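Below: the structure, in structure tokens.
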Amino acid sequence: MQTEEKHPVSLETLTTLCKRRGFIFQSSEIYGGLNGFWDFGPLGTELKNNLRDAWWRDMVRNPPPGPDGEMLDIVGLDSAIIQNPDVWKASGHLSGFNDPMADCKQSKSRYRADHLFVLMPPDAEGTAYAFLEGEENAARKKVQRKAKADPDRYEVKPFPEVASTDLSRIQGPDATEPGTLTEPRQFNLMFKTFIGALSGEGDENTAYLRPETAQGIFINYKNVIDTMRVKLPFGIAQVGKSFRNEVTPRNFIFRSREFEQMEMEWFCHPDEAEKWYNFWVETRLNWWASLGVDLRNLRRREHDEDELAHYSTACADVEYQYGFTAPGFGELEGIAHRGNFDLTQHQESSGTKLEYMIQETGERVLPHVIEPASGLTRGVLVLLNEAYTEEFVPKGDTEGGPIPANPGAQAPEGYETRTVMKFAPRLAPVKVAVFPLLKNRPELVEKAKEIHSELRKIWPVNYDQAGAIGRRYRRQDEIGTPYCVTIDFDSLEDNTVTVRERDSMEQVRVPASELATWLMSKGLSV
Ligand code: GAP
């Protein structure tokens, strides 16, 4: 997407833009919000749908060729969010889908214990200061201010490794005195609900909102084999909502309690699982790059053994350098080698045979599974991070192109700053904007509306007649519209229009009758 190395954009800048321009709002905002929940506005919905559709097209309808050039067979699914609670017993989520948490008895805050660190003083006495991942600098300042000590002499320790005898001298991140943090205890992340009109809150009526879309695939694996004539290896994919009662939802939509996932379970012969694992890790990283995400901001990270989820024998993450993790990276997608853990568990728990018979040899196998699992919501955050650009542009948009600028930098004489979201055209929420040069000239307005109504049959198109053309361009730049079309007096004479391209700001005249075809030739897909 960009060639210049970009400065990381802060979450504050992104959340402000998202609210102001209708991408993402705090959920239940007029009631004071609800921590860990977000609502997608008109533009955010388009952006998210475009990312979802790109994934579906490239993973289900037209997946890439396999490692030996073979065609891959992947089918789609849309399973229920609430499933028989036995699913979660078998999958291990009821007993094992836990995060360690610690409570602060004073501030009533709750923390993921594995996200907490402590600045321990050099001697066995004195207050130690707990801080959340990413907030070490603030904690160091607290040591200087409160303990009047040199923070460099303090040791950073993960909270779960601190001896329980030291708890009484640890001051929590939001506390004003030490000794208020509890010992870490396990907390199950699944949201509970109760089924049936007469249901009480007894165990027999308890059900769970799915914490991943994957289990819906495993429990439908036999249905798909019996109905779709798929042959091993094959994939089943689904996109949908998942729910996790996260202890500390943080960083905008990065970690929320309700989010969407895009997951594909790739069923293969156990002897080939390693080959497919490597294939999918490579393929998935390249897919994100194909959407215009700069490869310098992506990396592959293999999990250490002690990081692996209960079901997984190997896992690699595709990580992205978010503004709030920079210069570090954070997870975007995980590609897990799940072995035959899930099929074994569901076969044993349900009593239904889940083996696959290889027709040619008669061999029966319980397939192994490679799972590329990414967050759709988190993917949107990556697209927003990646697209956000500030540039200096000549005032009045007349001569000269844009000059890269660091966020917040002062524009030089004769220039102004523009914010432009450089979404790849296939992902941009609005594809084209149509402007009459002047709103008080009916002949211009009429022609602009005519063109608008033709183009909107094909794409999401904005019509804007308010204010100077330069301001209208800025409004569209800020939401990432790739093309703006202006109808002027020449248009009335020769039936051509001016098309202005977002990134280069270059303008060309295009015959109105060829406009849609011209835009398609520039990468606007239907
Ligand atoms: N089925 C495997 C699975 O769910 P995961 O790593 O827990 O694996 C996959 O989740 C992806 O879902 C993550 O890489 C992330 O993009 C997204 N995700 C997980 N928890 C999330 C949360 N609380 N908020 C937003 N996205 C989340």
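Counting starts at 1 for both ligands and their atoms, following the listed order. For clarity, every value in this text was computed on a predicted model and none was experimentally measured. For the numbers below, each heavy atom of this structure counts, side chains included, while hydrogens, waters and symmetry mates do not.
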Problem set entry | Output field: ring centroids Y320/Y322 closer than 6.0 Å | yes
Exercise. Which heavy atom of the protein is the closest neighbour of atom 19 (C) of ligand 1, given with residue, atom name and distance?
Worked result: R244 NH1, 3.5 Å
Exercise. Would a line drawn from the ring center of F267 to the ring center of Y356 be shorter than 6.0 Å?
Worked result: no
Seminar exercise, completed: the protein heavy atom lying closest to atom 18 (N) of ligand 1 turns out to be F259 CE1, 3.6 Å
Exercise. Which bit of L332 is near ligand 1, meaning a heavy atom under 4.0 Å away: side chain, backbone, both or neither?
Worked result: backbone
Exercise. To which protein heavy atom is atom 25 (C) of ligand 1 closest, and what is the distance rounded to 0.1 Å?
Worked result: F254 O, 3.1 Å
For this session: Report the nearest protein non-hydrogen atom to atom 13 (C) of ligand 1: residue, atom name, distance rounded to 0.1 Å.
Result: E331 OE2, 3.2 Å
Problem set entry | atom 17 (C) of ligand 1 - nearest protein heavy atom and its distance | G375 CA, 3.7 Å
Exercise. Considering only heavy atoms, does E333 approach ligand 1 within less than 4.0 Å through its side chain, its backbone, both, or neither?
Worked result: backbone
Exercise. Less than 4.0 Å between a side-chain N and a carboxylate O, is that true for R300 and E282?
Worked result: yes
For this session: Just need the protein heavy atom nearest to atom 24 (N) of ligand 1, so name the residue and atom and give the distance.
Result: S256 N, 3.0 Å
Exercise. Hey, does the Lys NZ or Arg CZ of R244 hover above the aromatic six-ring of F191, less than 6.0 Å from the centre and inside 45° of the axis?
Worked result: no
For this session: Pick one of side chain, backbone, both or neither for how E246 approaches ligand 1, counting any non-hydrogen atom pair under 4.0 Å.
Result: side chain
Seminar exercise, completed: Closest to atom 3 (C) of ligand 1 among protein heavy atoms sits E263 OE2, 3.5 Å
For this session: Distance to 0.1 Å, residue and atom name: give those for the protein heavy atom nearest to atom 12 (O) of ligand 1.
Result: Q261 NE2, 3.2 Å
Seminar exercise, completed: So for R338 against ligand 1, with non-hydrogen atoms under 4.0 Å, the contacting part is side chain
